[in-house]
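Since the structure comes first, as structure tokens, the remarks are kept for the end.
Below, chain A is the first sequence line, B the second, and so on; all start at residue 1. Model, not experiment: these values are computed from the prediction.
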Amino acid sequence: QKEVEQDPGPLSVPEGAIVSLNCTYSNSAFQYFMWYRQYSRKGPELLMYTYSSGNKEDGRFTAQVDKSSKYISLFIRDSQPSDSATYLCATLVNAGGTSYGKLTFGQGTILTVHP
Amino acid sequence: NAGVTQTPKFRILKIGQSMTLQCTQDMNHNYMYWYRQDPGMGLKLIYYSVGAGITDKGEVPNGYNVSRSTTEDFPLRLELAAPSQTSVYFCASRASGLAGNEQYFGPGTRLTVT
């Protein structure tokens, strides 16, 4: 079983739609949860991160973590064509200690937003 | 700041050849990482370094070697290239300290082994 599972899609939505992207994970030791956005032929960029369970909002983006069910979500409101990209969830045990910031990534979901 | 730079952008290798993928960062980050990304597979960690002179294996180190002689540079060496090493390779760096510190990624090197 992969430590982090993510539906690769692809996901295609009309402009203005609400998008829900999801991941599940198996390791209870994961404490930090990130979402990276990767445009075609570019490196990933950090979109948002959360620590432990709860919600975090940044503009049109909301990240949600439910540690009891080991479920990670990213919601995009009023989606735009410029949101078309691959979205990767990633998890981290901790920043220091023995993990040294090593991320475990999901497979990535390809999102296309049509005008 | 240029951030994380990688060279070359593209490369085609024949089976059995060797090459070095270059990675440089100008943010004075202690932590650096090499990942490979295969279609539909996310990113897999190959090697990482927590400072000059200190490196360790990640999830998929076989067939690769690294060195870290300076804070800025973290080259990845492929010896005896195999078709299974066809992939996109990303280098990343991160400041030590806070858990939320972002990993900054380079633009990637697309490698084909035929």
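Note: L103(A) leads I110(A), V4(A), L103(A), T104(A) in heavy-atom pairs under 4.5 Å with chain B. For the set K44(B), Q37(B), E59(B), the entry with the most heavy-atom pairs within less than 4.5 Å of chain A is Q37(B). Looking only at heavy-atom pairs under 4.5 Å with chain B, the residue among R41(A), Q6(A), K42(A) that has the most is R41(A).
With respect to F33(A), the ring-ring contact (aromatic ring centres under 6.0 Å, His included) criterion is satisfied by exactly one of Y51(A), Y25(A), F105(A): Y25(A).
Classified by interplanar angle (parallel below 30°, tilted 30° to 60°, perpendicular above 60°), the ring pair Y49(A)/Y32(A) is tilted.
Heavy atoms closer than 4.5 Å to chain A are found in the side chain of Y35(B), but not in its backbone. Only the side chain of L45(B) comes within contact range of chain A, with heavy atoms under 4.5 Å apart.
For M48(A), the CE atom is densely surrounded, since the number of other residues' heavy atoms within 6.0 Å is greater than 12. In this structure, I12(B) places its CD1 atom where only 12 or fewer heavy-atom neighbours from other residues, nucleotides or ligands lie under 6.0 Å away.
No salt bridge links D58(A) with K56(A); every basic N to acidic carboxylate O contact stays at or beyond 4.0 Å.
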